[in-house]
Amino acid sequence: MDEKKTLYSAIQPTNNLTIGNYAGAISNWLKLQDDYNCYFAIADMHAITVRQTPAELRQKTLATLALYIACGVDPQKCCLYIQSHVPAHAELCWVLNTFTYVGEMERMTQFKDKSARHAENVNMGLMDYPVLMAADILLYRAQYVPVGEDQRQHLEIARDIAQRFNNIYSPTFTVPEGLFLKVGAKINDLQDPAKKMSKSAENPNGSIFLNDGKDAVIRKFKRAVTDSGAEVKYDPVNKPGVSNLLSIYSIFAKKSIEEAEAEFAGMGYGEFKLAVGETVADSLAPIQAEQAKLLADVQYLNTVLKNGAETAARTAAKTLYKVHKKIGFYQI
Ligand code: ATP
Ligand code: LTN
């Protein structure tokens, strides 16, 4: 009998992943994969809520899987799969839609942001995004969901939907909890430290992609916006730029913020930014090499995906069956 608790998370294959995705999501997964029964998906169904180029989506999907593994997510320990390979996600989403109010979805920050950014394509999927995410999590009866700070509101809605359903029928869904890191849960844009670093940002100079070469990484860090004053000190309110760089350094150098501050005491911003850039670039190099190796072996990646989808579908089908029974769908 498997005593481990279940953990679920996913990333959209919308572009190359950034160090924000690494810091807020993947680095946390690595710490948890030994102790939990983990499902890590590639959320391609979420990705199409914003228009994608088909060939690129296909390529990024496989690249995301390769990156998960290259970062250290172990397919022997975790179930890695593509969301669209398990139809139960769409099926449960439909049912959960009938337990979700339009007003709730209209209030979601990400919906408001993305509708403004993609005013020409405010589609139903964009609005329904959080319900599909709730379906993802609830299908696997996950207790924990490690995500970045930006997903907190979506997680709250997933909890509300689960509780609503459980109250109307009987306990069916596990009510999930978010796992947020203290450091790294929100890495900000290097050019605009008031904004979160995002893989689909308009200005690529504000984001460090996990596949950026050393030159690009150093160049972007050198250009990073800092604050007035000259002291390298962690103070997110008054020094958002410097604090963001300290958080990034702390994650990649595997040191506490205090240790990082001590290390850079008395150093100028220029030298500090270069040191952060060097550390990040050196940490990314082996991940990039491993990702390239994995991408050269598509057969292996396909096997991981096939096994992952089978395992996921088995668990998902059980939950979906229970839900269908409770709501009164006729079963043969
Ligand atoms: P997009 O720009 O396409 O909307 P994104 O970069 O915001 O994408 P997601 O696929 O939405 O990335 O998020 C994947 C995971 O990475 C989530 O757990 C999210 O919370 C986390 N994440 C994304 N950006 C950051 C960030 N800047 N800091 C910390 N965590 C982040
Ligand atoms: N919306 C998430 C990606 C995502 C997710 C999930 C995260 C899709 N389904 C289920 C956790 C659990 C995002 O990070 N943008």
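When a ligand or atom number is given, it counts from 1 through the structure's own listing order. Values below: all heavy atoms of this structure, side chains included; hydrogens, waters and symmetry mates excluded. Heads up: numbering here begins at 1 and tracks the sequence.
Residue pairs meeting the salt bridge (Lys or Arg N to Asp or Glu O under 4.0 Å) criterion with at least one partner in residues 127-150, sequence neighbours excluded, are Glu149-Arg152, Asp150-Lys196. Listed by first then second residue, pairs satisfying salt bridge (Lys or Arg N to Asp or Glu O under 4.0 Å) with a partner in residues 230-246 number zero, not counting sequence neighbours.
Every residue two or more places apart in sequence or in another chain that forms a side-chain contact (heavy atoms from CB on, under 4.5 Å) with Arg117 is listed here: Lys114.
Here is the list of ligand 2 atoms found below 4.0 Å of a heavy atom in Ala43: 8 (C). Numbered from 1 in the order shown, with element, the atoms of ligand 2 that lie under 4.0 Å from a heavy atom of Val147 read 7 (C), 11 (C). Interface atoms of ligand 2 facing Val145, defined by a heavy-atom separation under 4.0 Å, are 11 (C), 12 (C).
You'll find the side chain of Ile48 reaches within 4.5 Å of the side chain of Leu57, heavy atoms only. In this structure, Leu246 and Phe272 have side chains that are in contact, with non-hydrogen atoms separated by less than 4.5 Å.
Of the N and O atoms on the side chains of Thr172 and Lys322, not one donor lies less than 3.5 Å from an acceptor on the other residue. Side-chain contact, Tyr249 with Glu263: a donor N or O sits under 3.5 Å from an acceptor N or O.
Classification of Asp35 and Lys4 as a salt-bridged pair fails, no side-chain N sitting under 4.0 Å from a carboxylate O.
Protein heavy atom at the shortest distance from atom 10 (C) of ligand 2 is Tyr8 CE2, 3.5 Å. Protein heavy atom nearest atom 3 (C) of ligand 2, with residue, atom name and distance: Ala10 O, 3.4 Å. Counting protein heavy atoms only, atom 1 (N) of ligand 2 is closest to Tyr129 OH, 2.7 Å. The shortest contact between atom 9 (N) of ligand 2 and any protein heavy atom is with Asp136 OD2, 2.6 Å.
Remark: of the listed residues Phe329, Tyr330, Trp94, Phe329 is the sole one forming a ring pair (Phe, Tyr, Trp, His ring centres under 6.0 Å) with His324.
Contacts between Gln83 and ligand 2 below 4.0 angstrom, taking non-hydrogen atoms only, are absent altogether. Neither the backbone nor the side chain of Leu132 has any atom closer than 4.0 Å to an atom of ligand 2 (non-hydrogen atoms only). Residue Ile137 touches ligand 2 through its side chain alone, judged by heavy-atom distances below 4.0 Å.
With atom 8 (C) of ligand 2 as the reference point, the heavy atom nearest to it among Met45, His46, Gln12 is part of His46.
Residue contacts with ligand 2: Gln151 is included, with a non-hydrogen atom under 4.0 Å away.
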Can Lys214 and Glu278 be said to form a side chain to side chain contact (heavy atoms under 4.5 Å, CB included), step by step? CA-CA 8 Å; Lys214 185 157 186 164; Glu278 296 269 359; 3.2 Å; yes

Start with the C-alpha distance between Leu138 and Thr319, add both sets of side-chain angles, then the distance that settles side chain to side chain contact (heavy atoms under 4.5 Å, CB included), and finish with yes or no. CA-CA 8 Å; Leu138 300 183; Thr319 309; 5.8 Å; no

Under the criterion side chain to side chain contact (heavy atoms under 4.5 Å, CB included), I'd like the reasoning laid out for Leu210 against Asn16: C-alpha separation, chi angles, the key distance, then a yes or no. CA-CA 7 Å; Leu210 295 180; Asn16 297 314; over 6 Å; no

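Within 4.0 Å of ligand 1, counting heavy atoms only, the contacting residues are Ile11, Gln12, Thr14, Gly20, Asn21, Gly24, Ala25, Lys114, Val147, Gly148, Asp150, Gln151, Gly184, Ala185, Lys186, Ile187, Lys196, Met197, Ser198, Lys199, Ser200.
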